[in-house]
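Everything on this sheet refers to the single structure shown next.
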Amino acid sequence: MRAIITLFLFVILYPLAAQTKGSVPTKYNQRADMEHFVLVWNENETKTEEIDEAKVYAEEVHGKLTQILGAANMPKDKLIVTFGGEGMDRARQKKRTPHVDFSGRIHLYRFDEGGYLSVLPHEMVHAIRMNNGRRWDGFFEEGFASAIAYHLYPGREGFPRFSYSLDLIAGYWLESGRGIPMETMRTQHNRLNLKCQLQTYVTREDFFNYLAVNYGMEKLVDFAYSNDVGTSGLYERIWGKSFKALASDWESDLRSRYQRLENTSALVDEYFKTTSAKYIPVCAAGIDY
């Protein structure tokens, strides 16, 4: 009887820890538990001040996403965030890609531009979206996460713009003829998304940001939480136009924005020569896709 009473008091005084989304990886020797997150890292790879910054920023982003997506769409389990050290192998010109795994855990790597945290809003959207169990459309999910992240933090430093404006970099791909058509990105997402990531991420981000700005964030969220998310017909039902028509309108708008910019050639040259963009392969127009 005493054991039962003791267990009862323990549960009352010390409630069971919240469940995590996925199991906590065991290859990390440091851990911090927060209200909505569990952070894990290795002390020889990640500095204490980086984790201190992440603790504050992660909860800030979570709060902002709750306001946009709605409390009912937020996961009840804590999200696991791993910090995996350097993201760029310059010797081999290879980039480790931040991502959300199939268990819903967020994996981050450190980059010169933006450190660990520049991509956290984007990846957190993916982790939250895995909570709802609806149809998953990769093209839309990447565009939605990018547009939400841009809406929250338009001046972020990291991939794919590395602090340069969305009008400039997305506009360059469109005007130069080196960009990938939006319809091609949509229908061939699995094949092209990472292979041509410097082109796909920034132009898709601009497209979905265009929809949010011109039609309202509410419609973008409605699209995201429809059971038909990603289907061609849903574009017309939500936005009143076919995907092709929306893409055409977006191209006209982006060209106009790009042409109003000054010093574009010099800035684009600087982008490719001085940022991590120089380490990321670019698909050849009309050949690789």
Lys195 NZ: over 12 foreign heavy atoms closer than 6.0 Å: yes

Test of ring centre spacing under 6.0 Å for Phe223 and Phe140: yes

Test of ring centre spacing under 6.0 Å for Trp239 and Phe208: no

Test log, rule side-chain hydrogen bond (donor to acceptor under 3.5 Å, both in side chains), inputs Tyr201 and Arg161: CA-CA 9 Å; Tyr201 274 84; Arg161 294 183 292 107; over 6 Å; no

Criterion side-chain hydrogen bond (donor to acceptor under 3.5 Å, both in side chains) on Glu113 and Ser276, from CA distance to verdict: CA-CA 8 Å; Glu113 300 94 346; Ser276 294; 2.8 Å; yes

Criterion side-chain hydrogen bond (donor to acceptor under 3.5 Å, both in side chains) on His36 and Glu59, from CA distance to verdict: CA-CA 7 Å; His36 298 108; Glu59 292 292 355; 2.7 Å; yes

Any side-chain heavy-atom pair of Arg129 and Phe144 under 4.5 Å: yes

From CG (Asp249) to NZ (Lys241), nearest 0.5 Å: 3.5 Å

Side chain to side chain contact (heavy atoms under 4.5 Å, CB included) between Ile68 and Lys64, intermediate numbers included: CA-CA 7 Å; Ile68 293 175; Lys64 291 183 176 182; 5.6 Å; no

Charged tip of Arg260 within 45° of Tyr258 ring normal and under 6.0 Å: no

Sub-6.0 Å ring centroid separation between Tyr153 and Tyr57: yes

Ring-ring centroid check Phe243 Phe207, cutoff 6.0 Å: yes

Residues Glu53, Tyr116; criterion side-chain hydrogen bond (donor to acceptor under 3.5 Å, both in side chains); working and verdict: CA-CA 10 Å; Glu53 182 184 6; Tyr116 275 116; over 6 Å; no

